Amino acid sequence: MAETKYIFVTGGVASSLGKGIISSSIGKLLQARGYSVTIQKFDPYINIDPGTLNPYEHGECYVTVDGHEADLDLGHYERFLGIQTTKANNITTGRIYKTVIDKERRGDYLGKTIQIIPHITDEIKRNVKLLGNKYKFDFVITEIGGTVGDIESLPYLESIRQLKWELGKNALCVHLTYVPYLAAAKELKTKPTQHSVKELQSVGIQPDILVLRTEHELNTNLRKKVALFCNVDEESVVQSMDMPTIYEVPLRMQEQKLDETILKKMGLPIGETPTLGAWRDFLNRRHNATEVVRIGLVGKYDLQDAYKSILEALSQAATYNDRKADIHFINSEKLTDDNVEAALKDMDGVIICPGFGQRGIEGKFVAIKYCRTHNVPTFGICLGMQCMAIEFARNVLGYADANSREMDEKTPHNVIDIMEEQKSVTNMGGTMRLGAYECVIDPTSKTYQAYKKEHIQERHRHRYEFNNHFKAEFEKAGMKCVGINPESDLVEIVEIPTLKWFIGTQFHPEYSSTVLNPHPLFLSFIKAAIDK
Ligand code: GLN
């Protein structure tokens, strides 16, 4: 395809309607037709990236292979499309302004007055086109965070208006709204949608396609009404009903020919409808799995979004093991030696979650000790792996004061420590090891049996490392360092081979598990949990 096509996805009426899932589903359908597709997200907040955001504010921080701390929607894009995203796929208002202000300070604007239009909007447009220009994608889908009508969204909408004008048929706007159901009147209401479209029109954007999120089926009359009031044709009114799994959404969109409508509007040939065979197989397996595997998630945030990628990786791995993942949040702040048995005894496997800071850390040690001494399949991720090492040092090596330097600066048994070269950096985020690093796996290990290869690349997001000074002692007592970074010699994976499944990874395998390529460690962990 000669020219890149741009699809903008905006949202109205309310937030959390699932723009990320709709963007991913559109991407999936176009990709299935043989087009190269990428998806990017613009977040209208002032933070440079979500790296410093509290998960309560914005859910999990996702990490790309190139080490960008990103919005969790990028996780959906990767899981649906099986692609890898980069820093260019997630832009915030903060980054846009920073670039413009840096340029201004350098004198690049030659004395001009810097304004939202055209300087901020030009920078937004540059970032939209960057992916298309640089990597020659057939389609770039751009999801605009927030809701139409927010003050923060205005510069983005103005940029879309301009781009639609400049690009003509090569740009298209999909607007996602909500159709509430009034139980008393037994009626679906389209007024909020009409208002939201008016809001878009008032900034000069006519949406091309409307996706209506609804809890009840939309009838033809209702679609006709929306089409009439909003200046779109009937086939461009698509419904998005609540689904038992988000991975159903591409199929529901395909049934309503959303992809065909897009292609038609952009002047592209329709061709044959792709069968989405592997995707359907995955969904069938998911629906047919009735038996559950119970997994305890030991962490300090008891909200879904904080561990989004872990939840998805677990449920994907469960599907491929023909089980339903029944995941229980276990708040590590409340775990003690007295209640740990009650909390964990019914779990087939336990995940020790990643995290930062002291809060809830002692409960993680309690959980690990229980799992280690009761041979429960246990998977420690990042801080979870560090806690596995600390617990082992305390209760097996006998160092009662063992800790990570993150929690205790002064302990002589700093089995998790900061590396010498990081010590001078002071700004938050500056010292983090971020993105994909290589790791070599010991071929005699359990971990190797999962990966079935020696050389892997996995994504990191942490500041502290296993302290190699203690390595020999750990190994002698039974905790092996089975994954090593070949360049830095840093420990990437620990395991206790005498236990059924007790593995900790310094990296985050959950970020690279996708629907069609579930992660081998999660697959093997779930299998061990089932066998228990
Ligand atoms: N807090 C730990 C560190 O900085 C672990 C981080 C994490 O779990 N992502 O090393």
Side-chain angles (χ1 to χ4, degrees), residues 7 9 11 16-39 73-83 138-139 141 143 172 174-179 208-220 222-223 234-266 268-290 308 311-313 315-320 322-325 513-518:
I7 299 175
V9 179
S16 307
L17 294 180
K19 271 189 309 246
I21 306 299
I22 294 299
S23 304
S24 303
S25 300
I26 293 173
K28 182 80 214 164
L29 294 178
L30 293 170
Q31 191 193 47
R33 288 174 178 272
Y35 294 112
S36 65
V37 182
T38 195
I39 314 182
D73 271 322
L74 272 75
H76 290 308
Y77 308 160
E78 295 204 7
R79 287 187 285 272
F80 273 70
L81 271 64
I83 54 168
D138 296 328
F139 282 93
I141 300 172
E143 178 190 345
L172 176 147
V174 177
H175 187 54
L176 175 65
T177 71
Y178 179 56
V179 179
D208 300 278
I209 292 171
L210 297 175
V211 178
L212 311 187
R213 184 73 192 268
T214 170
E215 280 143 41
H216 296 265
E217 195 82 34
L218 304 179
N219 61 30
T220 321
L222 209 132
R223 284 180 202 237
E234 241 179 276
E235 60 175 16
S236 300
V237 181
V238 172
Q239 74 174 18
S240 171
M241 291 252 275
D242 292 350
M243 286 293 135
T245 155
I246 52 173
Y247 303 123
E248 286 277 345
V249 179
L251 300 184
R252 301 291 89 82
M253 296 298 122
Q254 192 188 44
E255 281 164 13
Q256 299 175 77
K257 303 193 187 322
L258 173 57
D259 51 342
E260 285 188 26
T261 306
I262 290 174
L263 294 174
K264 232 188 271 171
K265 285 188 185 294
M266 302 191 108
L268 291 167
I270 306 292
E272 263 174 56
T273 307
T275 54
L276 296 168
W279 195 267
R280 282 178 203 274
D281 291 347
F282 168 83
L283 283 170
N284 286 337
R285 250 177 124 163
R286 174 157 289 204
H287 295 318
N288 293 336
T290 45
K308 190 83 198 160
L311 294 180
E312 293 303 322
S315 82
Q316 289 158 359
T319 297
Y320 284 99
D322 299 305
R323 288 291 195 288
K324 232 181 212 15
S513 187
T514 71
V515 172
L516 298 183
N517 268 311

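Keep in mind it's a predicted model, so treat the numbers as computed, not measured.
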Under a 3.5 Å threshold, yes or no: a donor from one side chain and an acceptor from the other, between Thr319 and Arg285?
no
Any side-chain donor paired with an acceptor under 3.5 Å for Thr275 and Arg280?
no
Qualifying salt bridge (charged side-chain N to carboxylate O under 4.0 Å, His left out) pairs with a residue from residues 211-220, counting only residues at least two apart or across chains
Arg213-Asp242
Please list all pairs passing the salt bridge (charged side-chain N to carboxylate O under 4.0 Å, His left out) test where one or both residues lie in residues 21-36, with sequence neighbours left out.
Arg33-Asp259
Would you say the side chain of [Y] lies within less than 4.5 Å of the side chain of [X], judging by non-hydrogen atoms?
{"X": "Glu260", "Y": "Leu263", "value": "no"}
{"X": "Phe80", "Y": "Ile21", "value": "yes"}
{"X": "Leu268", "Y": "Tyr35", "value": "yes"}
{"X": "Ile22", "Y": "Met253", "value": "yes"}
{"X": "Arg252", "Y": "Met241", "value": "no"}
{"X": "Lys324", "Y": "Thr290", "value": "no"}
{"X": "Val37", "Y": "Ile83", "value": "no"}
{"X": "Val238", "Y": "Val174", "value": "no"}

Going from [atom1] on [X] to [atom2] on [Y], what distance comes out if it is rounded to the nearest 0.5 angstrom?
{"X": "Leu81", "Y": "Thr514", "atom1": "CG", "atom2": "OG1", "result": "10.0 Å"}
{"X": "Gln31", "Y": "Ile26", "atom1": "CD", "atom2": "CD1", "result": "13.5 Å"}
{"X": "Glu143", "Y": "Ser24", "atom1": "CD", "atom2": "OG", "result": "7.5 Å"}
{"X": "Ile262", "Y": "Ile7", "atom1": "CD1", "atom2": "CD1", "result": "4.5 Å"}
{"X": "Leu218", "Y": "Ser240", "atom1": "CG", "atom2": "OG", "result": "10.0 Å"}
{"X": "Thr38", "Y": "Asp138", "atom1": "OG1", "atom2": "CG", "result": "11.5 Å"}

Heavy-atom closest contact ([X] atom, [Y] atom, distance):
{"X": "Asn219", "Y": "Leu222", "value": "OD1-N, 2.8 Å"}
{"X": "Lys265", "Y": "Leu172", "value": "CB-CD1, 3.7 Å"}
{"X": "Ser315", "Y": "Ala325", "value": "CA-CB, 4.0 Å"}
{"X": "Val249", "Y": "Ser25", "value": "CG1-OG, 3.3 Å"}
{"X": "Ile39", "Y": "Ser23", "value": "CD1-O, 3.5 Å"}
{"X": "Gly20", "Y": "Tyr77", "value": "O-CE2, 4.1 Å"}

Do side-chain atoms of Gln239 reach the backbone of Thr214 as a donor and acceptor pair under 3.5 angstrom?
no
Does any N or O in the side chain of Glu312 come within less than 3.5 Å of the main-chain N or O of His76, such that one atom is a donor and the other an acceptor?
no
Is it the case that more than 12 heavy atoms not belonging to Lys257 sit under 6.0 Å from its NZ atom?
no
Might you work through the side-chain contact (heavy atoms from CB on, under 4.5 Å) test for Leu311 and Lys308, ending with a clear yes or no?
CA-CA 5 Å; Leu311 294 180; Lys308 190 83 198 160; 5.8 Å; no
What class does the angle between the rings of Phe282 and Trp279 fall in, given that below 30° is parallel, 30 to 60° is tilted and above 60° is perpendicular?
tilted
